[in-house]
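Here the structure is laid out as structure tokens; the discussion comes afterwards.
Just so it is clear, the structure is predicted and the values come from calculations on it, not from any experiment.
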Amino acid sequence: KTRPRGAGLTLQCSRGVKTMSSPVVTELVAGGTAGAVGILATQPADTVKVRLQSTASGLGLRSGYSGIWHCIRSTWLAEGVRGLYKGVASPTLTVGLMNAVLFFSYEYTTHVARWASGTASGEE
């Protein structure tokens with residue numbers, strides 16, 4: 001039975017040829033999606049944090065916000081939901097790419113370690 005090209009990662013060395021059961025594309029997409037969803041879930045809190053840290057109160061001047069809820073409300077009223085997601089593109093892409101590589105490298109490394117130790121997938 002042949003595997004479609006690109007469906008899995010093939011390892012070849014003196015012990016023979018092995019193919020990873022989990023396709024590379026699946027690991028990359030899963031990691032990228034996980035990273036992007038994580039950023040989308042936390043971006044509003046990060047935006048509020050940055051706005052509170054960037055106010056004039058650090059300079060001893062009157063602050064533009066009286067607290068977290070005031071910052072959220074002011075941003076929502078002035079800019080809508082888009083205001084809470086300002087600057088989301090860059091971290092979404094970078095963290096998505098980073099997680100894609102992380103997911104793939106973890107699966108590849110565990111697969112190689114199991115193969116090298118003679119432990120079949122699922123056995124401990």
Can Phe104 be reached from Leu97 by stepping across I, L, V, M, F, W or Y side chains whose heavy atoms are under 4.5 Å apart? no
Would a hydrophobic clustering, with Ile, Leu, Val, Met, Phe, Trp and Tyr connected at side-chain separations under 4.5 Å, put Val37 with Val101? no
Just wondering, do Gln43 and Leu84 contact through their side chains at under 4.5 Å, heavy atoms? no
To the nearest 0.5 angstrom, please state how far the OG1 atom of Thr94 sits from the CD1 atom of Ile39. 7.0 Å
How many angstroms lie between OH in Tyr108 and CD in Glu27, if you round to the nearest 0.5 Å? 13.5 Å
Answer yes or no: is there a side-chain heavy-atom contact under 4.5 Å between Leu28 and Phe103? no
CG of Leu77 to CD1 of Ile72, rounded to nearest 0.5 Å, is 11.5 Å
Is the closest basic N to carboxylate O distance between Arg73 and Glu79 below 4.0 Å? no
Among the clusters formed by ILVMFWY side chains lying less than 4.5 Å apart, do Leu102 and Val24 turn up in the same one? no
To the nearest 0.5 Å, tell me how far Thr42 OG1 sits from Lys49 NZ. 10.0 Å
Can any side-chain N or O of Ser54 pair as donor or acceptor with the backbone N or O of Arg51 at less than 3.5 Å? no
Linked, directly or transitively: Val50 and Val95 (ILVMFWY side chains, under 4.5 Å): no
Would you compute the distance between atom CG of Leu52 and atom NE2 of His70 and round it to the nearest 0.5 angstrom? 10.5 Å
Would you kindly confirm whether Tyr65 and Trp76 end up in one hydrophobic cluster when ILVMFWY residues are joined by side chain heavy atoms under 4.5 Å apart? yes
Please indicate whether Ile68 has more than 12 foreign heavy atoms, meaning atoms of other residues, nucleotides or ligands, lying under 6.0 Å from its CD1. no
Any idea which heavy atoms bring Thr47 and Gly83 closest together, and the distance? CG2-O, 3.5 Å
Between atom OG1 of Thr75 and atom CZ of Arg82, what is the distance when rounded to the nearest 0.5 Å? 14.5 Å
Between Thr110 and Glu107 (side chain of the first, backbone of the second, donor and acceptor by atom type, cut-off under 3.5 Å), is there such a pair? yes
Could you report the tightest heavy-atom contact between Gly31 and Asn99, atom names first, then the distance? O-CB, 3.0 Å
Just by modelled atom types, is the Arg114 backbone N or O under 3.5 Å from a matching donor or acceptor in the Ser117 side chain? yes
